[in-house]
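Report on the following structure.
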Amino acid sequence: MEKLPLLGDEAIARGAIDAGLSGIYAYPGTPSTEITEYVLKSKEAKEGKLVASWTSNEKTAMEAALGVSYVGKRGMTCMKHVGLNVAADAFINAAITGANGGLIVVSADDPSMHSSQNEQDSRFFGNFAMIPMLEPSNQQEAYDMVHYGYEISEKFGIPVLMRITTRLAHSRAGVKRREVRPQNDIKMPGSPKQFILLPANARNRYKMLLGNQAAYTQESEGSEFNRYIDADDKKLGVIACGIAYNYLVENFPDHKTPFPVLKIGQYPLPRKHIEKMYKECDEILVLEEGYPLVEESLRGYMNNGKPIRGRLEGSIPRDGELNPNIVGKALGLEIYEGREASGLVVGRPPSLCKGCPHIYSYNALNEALDRYAKGRVFSDIGCYTLGALEPFNAINSCVDMGASITMAKGAADNGLVPAVAVIGDSTFTHSGMTGLLDAVISKSPVTVMILDNETTAMTGGQHSNAHGKLENICKGLGVEEDHIHIMNPIQKYHEENMELIKKELEYDGVSVIIPRRECLQTIASRIRAEKQKVKPAIQ
Ligand SMILES: Cc1ncc(C[n+]2csc(CCOP(=O)(O)OP(=O)(O)O)c2C)c(N)n1
Ligand code: SF4
């Protein structure tokens with residue numbers, strides 16, 4: 001079969017298409033974005049053979065993918081780890097409804113927080129939902145696991161969580177393709193009650209889920225993705241999960257360890273393999289990205305005094321991404337640290353592009369707020385979060401998508417007047433609209449600036465669902481028309497913009513100001529595409 005050089009994300013996308021995917025729904029978020037982008041640009045999507053779509057947020061994506069599964073077809077949804085928090089209600093309940101057609105939820109974790117607010121471990125969500133989980137160690141496994149994931153999803157009638165991390169998502173390797181499977185035809189759920197989670201049905205479904213746990217573990221124990229690699233030196237046994245297996249074997253020239261290794265790629269944990277290792281080896285070292293999930297489970301399983309080492313115990317740092325050197329040190333190996341970087345290499349902190357529209361919004365806002373005490377601008381997540389840095393120092397919070405308007409409302413309701421919320425157009429339709437409705441209902445004195453650069457810039461310029469709709473959405477949510485304004489964030493209109501913001505800061509109610517000018521990068525991408533007469537890469 002053909003071999004392709006694919007990113008981990010692309011391997012998942014190619015795997016899904018080849019395994020008979022019918023519909024993929026996602027909200028962008030690093031490091032998961034390239035999965036959906038690959039499918040969107042695929043020949044199969046362009047020929048209309050499958051449905052691929054960005055959604056308003058991760059919850060709507062999760063529910064749309066569940067809808068694909070409901071009709072018996074294979075669905076996928078992809079998100080970054082914090083996106084799974086947004087999708088959690090649907091995700092946890094999908095474990096109770098179960099799946100009809102195969103359903104895979106991909107959650108991409110970001111240990112070391114390369115581009116995230118936290119480094120939470122999605123495996124806890126998988127355990128919480130009590131569904132099977134897959135964790136690839138390389139791009140080939142990522143591809144193969146999608147095929148297998150759909151098999152077990154359909155065999156057990158349950159969604160499957162695939163957990164990846166940044167390093168795997170964004171590194172490239174040769175991936176051998178498999179035979180392409182046809183998509184499923186429409187087939188309605190066998191039981192008409194399956195998806196109706198009224199308490200009486202839900203209780204039955206939950207019992208089924210509990211009853212299936214042993215079968216999921218048995219499947220894990222027989223899985224090709226959980227391998228016990230035996231060796232003579234039983235002083236140590238290493239449990240290596242997902243990509244941590246690569247970091248382990250990179251420390252050994254022929255990739256052969258002198259001690260037994262249990263390579264984990266599937267959960268629930270293969271209990272039998274773990275018991276074997278625990279019985280045979282004097283000491284266990286657990287290598288896992290994220291939280292000490294396996295280490296904690298081991299302590300629960302059989303804490304009879306045998307040393308278990310890992311993140312909890314301290315042999316591995318409690319936070320941050322793993323790498324071969326961290327693993328080598330935990331094994332007591334001599335590590336080559338490499339030379340210090342040359343003094344000529346200077347750090348390049350992130351910054352707004354020169355001429356970015358957000359710059360002019362912040363200049364006007366800062367000046368309008370000059371006469372008030374500091375600390376009243378609640379921001380959200382997007383390129384505009386860089387307004388926290390010099391020279392702007394324009395924002396005072398960034399917590400999660402949507403938290404700008406709601407935090408400003410809470411603060412304003414409790415005496416911080418004026419309070420300002422700064423939110424991007426994509427973040428507004430992701431989870432700002434409900435907060436704005438709350439503010440309207442309680443007539444909170446907040447000034448909301450929706451920075452409309454007509455795209456989802458931070459994640460690469462995906463289509464923004466707010467495009468062309470913002471004023472109407474705000475009107476529909478009840479913001480008074482006299483207090484909805486558009487401004488052009490450009491130096492030429494600085495005075496005018498500043499006076500407008502000043503005026504609305506004094507208004508005792510909800511006002512919305514929409515600075516509107518397109519992101520420079522999407523303009524550049526369009527011009528490049530027009531010159532080459534191709535469709536813009538960024539859509
Ligand atoms: C729950 C969640 N999903 C996705 C992301 C990734 N993400 C960060 S900002 C952003 C969108 C930013 O778009 P917009 O609000 O329009 O601001 P812009 O970057 O265009 O200025 C996304 C998708 C995230 N941080 N959290
Ligand atoms: S990508 Fe666009 S929105 Fe982001 S900083 Fe650059 S110009 Fe501004």
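Order of appearance sets the numbers: ligands from 1, and atoms from 1 within every ligand. In this text, all values refer to a predicted model and were calculated from it rather than measured experimentally. Reckoned from all heavy atoms, side chains included, excluding hydrogens, waters and symmetry mates. For this chain, numbers begin at 1 and follow the sequence in order.
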Exercise for review: Between T429, N453, T459, flag the one that comes closest to atom 18 (P) of ligand 1 by a heavy atom.
Suggested key: N453
Check your understanding: How about Y291 and Q120: does a side-chain donor come under 3.5 Å of a side-chain acceptor?
Key -> no
**Study point:** Proximal atoms of ligand 1 relative to A457 (non-hydrogen, under 4.0 Å)
**Key:** 18 (P), 19 (O), 20 (O)
Point to revise | Proximity of M401 to ligand 1 by residue part, where a heavy atom lies under 4.0 Å | key: side chain
Check your understanding: How close does the nearest protein non-hydrogen atom get to atom 8 (C) of ligand 1, and which residue and atom is it?
Key -> I381 CG2, 3.5 Å
Check your understanding: Does C353 bring an N, O or S atom to under 2.8 Å of atom 8 (Fe) of ligand 2?
Key -> no
Check your understanding: Among side-chain atoms of S69 and N100, is any donor-acceptor pair under 3.5 angstrom?
Key -> no
Revision key, fill the gap. Atom 17 (O) of ligand 1: closest protein heavy atom, distance to 0.1 Å, is Y384 CE2, 3.2 Å
Practice item. Can you spot which of E295, E289, E296 makes a salt bridge (Lys or Arg N to Asp or Glu O under 4.0 Å) with R311? Key: E289
Revision key, fill the gap. the protein heavy atom lying closest to atom 2 (Fe) of ligand 2 turns out to be C519 SG, 2.4 Å
Review point. Under 3.5 Å, is there a donor-acceptor pair linking the side chains of Q140 and D144?
Key: yes
**Study point:** V86 contact mode with ligand 1 (heavy-atom cut-off under 4.0 Å)
**Key:** side chain
Review point. Side chain or backbone of I423 under 4.0 Å from ligand 1, or both, or neither, by non-hydrogen atoms?
Key: neither
Check your understanding: To the nearest 0.1 Å, how far is atom 3 (N) of ligand 1 from its closest protein heavy atom, and which atom is that?
Key -> E58 OE2, 2.5 Å
Review point. Nearest heavy-atom pair of V399 and Q117: which atoms, and what distance?
Key: O-NE2, 3.2 Å
Study note, to complete from the structure: Note: Y27, heavy atoms under 4.0 Å from ligand 1, region reported as side chain
Check your understanding: Which atoms from ligand 2 have a heavy atom of A457 less than 4.0 Å away?
Key -> 3 (S), 4 (Fe)
Check your understanding: Going by atom types only, do D380 and T427 share a side-chain donor-acceptor pair under 3.5 Å?
Key -> no
Point to revise | Flag for T429-N465: side-chain donor and acceptor within less than 3.5 Å | key: no
Review point. Where is the tightest heavy-atom contact between D109 and P31, given as atom of each residue plus distance?
Key: O-CG, 3.8 Å
Point to revise | Ring geometry between H467 and H463 (parallel below 30°, tilted from 30 to 60°, perpendicular above 60°) | key: perpendicular
Practice item. Show which atoms of ligand 1 fall inside a sub-4.0 Å distance from at least one heavy-atom site of G29. Key: 6 (C)
Review point. What part of M458, side chain, backbone, both or neither, has a heavy atom within less than 4.0 angstrom of ligand 2?
Key: neither
Study note, to complete from the structure: closest protein heavy atom to atom 11 (C) of ligand 1 is T456 CG2, 3.5 Å
**Study point:** S442-K409 side chain donor-acceptor pair, cut-off 3.5 Å
**Key:** yes
Revision key, fill the gap. min-distance protein heavy atom vs atom 1 (S) of ligand 2 -> Q521 CG, 3.4 Å
Review point. What protein heavy atom sits nearest atom 4 (Fe) of ligand 2, and how far off is it?
Key: C383 SG, 2.4 Å
Review point. For atom 7 (S) of ligand 2, what's the nearest protein heavy atom and its distance?
Key: L520 N, 3.5 Å
**Study point:** OH/Y206: more than 12 non-hydrogen atoms of other groups inside 6.0 Å
**Key:** no
Review point. Which one of H358, H430, H81 has a non-hydrogen atom at the shortest distance from atom 21 (O) of ligand 1?
Key: H358
Check your understanding: Is the number of heavy atoms from other residues, nucleotides or ligands within 6.0 Å of CZ (F128) greater than 12?
Key -> no
Exercise for review: Show which atoms of ligand 2 fall inside a sub-4.0 Å distance from at least one heavy-atom site of L352.
Suggested key: 5 (S)
Review point. Which residue owns the protein heavy atom closest to atom 15 (O) of ligand 1, what's the atom, and how far is it?
Key: T427 OG1, 2.5 Å
Revision key, fill the gap. for atom 3 (S) of ligand 2, nearest protein heavy atom and its distance come out as N453 ND2, 3.3 Å
Review point. Is the NZ atom of K443 crowded by more than 12 outside heavy atoms at less than 6.0 Å?
Key: no
Point to revise | Protein heavy-atom partner closest to atom 8 (Fe) of ligand 2 - residue, atom, separation in Å | key: C356 SG, 2.3 Å
**Study point:** contact_flag V82 ligand 1 heavy-atom lt 4.0 Å
**Key:** yes
Practice item. Provide the number and element of each atom of ligand 1 under 4.0 Å from a heavy atom of G382. Key: 9 (S), 12 (C), 17 (O), 19 (O)
Practice item. Using the six-membered ring wherever Trp is involved, compare the ring planes of H483 and H485 and label them parallel, tilted or perpendicular (cut-offs 30° and 60°). Key: perpendicular
**Study point:** Shortest non-hydrogen contact from I381 toward C398
**Key:** CG1-SG, 3.7 Å
**Study point:** Interfacing atoms of ligand 1 (cut-off 4.0 Å, heavy-atom, M458)
**Key:** 9 (S), 19 (O)
Point to revise | Sole residue of L134, L161, I131, V294 in side-chain contact (heavy atoms from CB on, under 4.5 Å) with Y267 | key: V294
Exercise for review: Of the side chain and backbone of K80, name the one, both, or neither that has a heavy atom under 4.0 Å from an atom of ligand 1.
Suggested key: side chain
Point to revise | S464 to ligand 1, any heavy atom closer than 4.0 Å | key: no
